**Q** 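This is the structure I want to talk about, given as structure tokens.
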Amino acid sequence: MGKTALLFTGQGSQCSGMGKDFYDKYTCSKEVFNKFNEITGKNIINLAFDGTEEELKQTINAQPCILAVELAILEALKSEFKIPIDFAAGHSLGEYAALYSAEVIDTQTAAMLINARANAMSKINTGSMSAIIGLDENNLRKILTEASKEGYVDAANYNTPEQTVITGEEKAIVKANELALANGAKRAILLAVSGAFHSKLMLNAAKEFETYSNKATLSDAKFPIITNIDAKPTLKAEDFRAKMPAQIYSPVMWVQTLNYLQEQGVDTFIEIGPAKVLTGMVRKTLKDVQSYAICNIKDLENVINEYKVEV
């Protein structure tokens, strides 16, 4: 086998009932949920297991619930089998699970940071986002330049070579969608989000969050984290501290992250999260790699069995 990278999903992967099977079976997973309840002051357990779709769509709830689930799954994996990990990366809020996996932050700090991040971001109720599918980057840039005559618009997430999420002011997003479809895009899908995440419209949220990230206890990473804002390996605690607020208003360089990981010899990707999202992105971006996703206990058992065969 070559090298292995852990991947952690972001907002949009949430679903009612997420993580409950791990909570019921694993003491280490239950401890994660209990700590998130304590630190956030929210009933993360009830929200994750029984929350309505509307409740779980809210940024203020989605982010801590998803992160709690990811940490709970990771702890269950660690308790069952020691898979050698060479790198980790997370999509947007998933980056906090990546930091946890490399021991940059502990459970308490993870819960504190994601709660502060969600609170800050939920206060910005302006702008929108859209997924543009089937348009190359050069044509997308031309469309964004034209649409910017209607207001601010920019790329938010470079998810796959075929899919880029755009972010910005509503009129400019609507115009960009129209132009994308007129210029050959397969689809242009408005996203059900409350604000223009990963854009300059989130600068105030980043400033508010920075007061928390500046105080957080961080350690150097045990293995490299490929960070969203630059798709570069990061190990030093103070570099993570600087990148955390910037991530809120910067684009997620996901395609670039996956390409970098493959260049470093990674041929196995393990996605951890409530839904299988990033595995699809890996398959649409890279060739000649293995990708797995752990969303439930059956997935966990399959991954462990696969690795035991390889070892």
Side-chain angles (χ1 to χ4, degrees), residues 1-10 32 63 66-68 70-75 77-78 81-114 116-117 157-159 198 206 209-273 278 281-282 285-286 289-292 294 307:
M1 294 179 70
K3 295 178 181 178
T4 298
L6 291 179
L7 305 178
F8 298 90
T9 53
V32 169
Q63 293 195 18
I66 292 168
L67 187 59
E70 292 176 350
L71 270 52
I73 295 173
L74 179 61
E75 286 302 316
L77 172 61
K78 287 161 58 179
F81 189 70
K82 186 173 177 59
I83 292 175
I85 304 301
D86 300 289
F87 298 92
H91 195 287
S92 195
L93 82 86
E95 192 160 275
Y96 290 82
L99 294 174
Y100 177 86
S101 73
E103 300 181 28
V104 177
I105 53 177
D106 60 13
T107 310
Q108 179 168 327
T109 303
M112 180 275 288
L113 285 171
I114 207 63
R117 184 181 189 269
N157 307 334
Y158 294 97
N159 285 338
H198 298 291
F209 175 70
E210 191 171 18
T211 63
Y212 294 89
S213 59
N214 281 343
K215 298 175 185 175
T217 301
L218 308 179
S219 301
D220 291 347
K222 299 295 184 184
F223 47 77
I225 306 299
I226 314 307
T227 44
N228 286 180
I229 67 170
D230 53 12
K232 292 182 179 179
T234 305
L235 286 162
K236 294 296 183 182
E238 292 312 306
D239 291 336
F240 292 118
R241 195 184 306 280
K243 289 182 178 185
M244 283 178 182
Q247 190 225 46
I248 291 174
Y249 60 81
S250 302
V252 175
M253 312 295 281
W254 195 249
V255 171
Q256 297 86 341
T257 292
L258 296 181
N259 286 332
Y260 175 83
L261 287 168
Q262 188 175 46
E263 289 166 5
Q264 300 308 304
V266 174
D267 62 4
T268 303
F269 294 85
I270 301 174
E271 174 183 4
I272 291 176
L278 303 178
M281 294 183 188
V282 170
T285 305
L286 305 177
V289 299
Q290 293 288 328
S291 56
Y292 306 92
I294 304 176
Y307 263 79

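The structure displayed is predicted, hence computed values, not measured ones.
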**Q** Could you check whether any side-chain heavy atom of E103 comes within less than 4.5 Å of a side-chain heavy atom of D220, counting everything from C-beta outward?
**A** no
**Q** Would one find more than 12 heavy atoms of other residues, nucleotides or ligands at under 6.0 Å from atom NZ of K236?
**A** no
**Q** Please answer whether the main-chain N or O of E210 pairs with a side-chain N or O of R241 as donor and acceptor at a distance below 3.5 Å.
**A**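 Looks like no, no N/O pair under 3.5 Å.
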**Q** Evaluate N157 against W254 for side-chain contact (heavy atoms from CB on, under 4.5 Å), listing each step before the verdict.
**A** CA-CA 7 Å; N157 307 334; W254 195 249; over 6 Å; no
**Q** Could you tell me whether the side chain of T109 and the main chain of I105 form a donor-acceptor pair under 3.5 Å?
**A**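 No, T109 side chain to I105 backbone: no donor-acceptor pair under 3.5 Å.
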**Q** Is there a donor-acceptor pair under 3.5 Å between the side chain of K3 and the backbone N or O of Q264?
**A** yes
**Q** If only atom types and distance count, is the side chain of D86 paired as donor or acceptor with the main-chain N or O of A5 below 3.5 Å?
**A**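 No, D86 side chain to A5 backbone: no donor-acceptor pair under 3.5 Å.
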**Q** Under the 3.5 angstrom rule, does the side chain of Q247 hit a backbone N or O of S92 as a donor-acceptor pair?
**A** yes
**Q** Could you tell me if N159 and H91 have a donor-acceptor pair between their side chains, going purely by distance under 3.5 Å?
**A**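 There is such a pair (donor and acceptor under 3.5 Å, judged by atom type) between the side chains of H91 and N159.
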**Q** Would you call L261 and F269 a side-chain contact if the rule is heavy atoms closer than 4.5 Å?
**A** yes
**Q** Any sub-3.5 Å donor-acceptor pair from E70's side-chain atoms to T9's backbone N or O?
**A**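 Present.
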**Q** Please check if the side chain of D239 supplies one atom and the backbone of T234 the other of a donor-acceptor pair under 3.5 Å.
**A** no
**Q** Quick one: does E95's side chain have a donor or acceptor within less than 3.5 Å of a partner on N228's backbone?
**A** yes
**Q** For atom OH of Y212, decide whether the heavy atoms of other residues, nucleotides or ligands shown that lie under 6.0 angstrom number more than 12.
**A** no
**Q** If we check side-chain contact (heavy atoms from CB on, under 4.5 Å) with I270, which of these qualifies: L74, I83, L7?
**A** I83
**Q** Is there a side-chain contact between I225 and F87, using heavy atoms and a 4.5 Å cut-off?
**A**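 They are not in side-chain contact.
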**Q** Quick one: does T268's side chain get under 4.5 Å of Y292's, heavy atoms only?
**A** yes
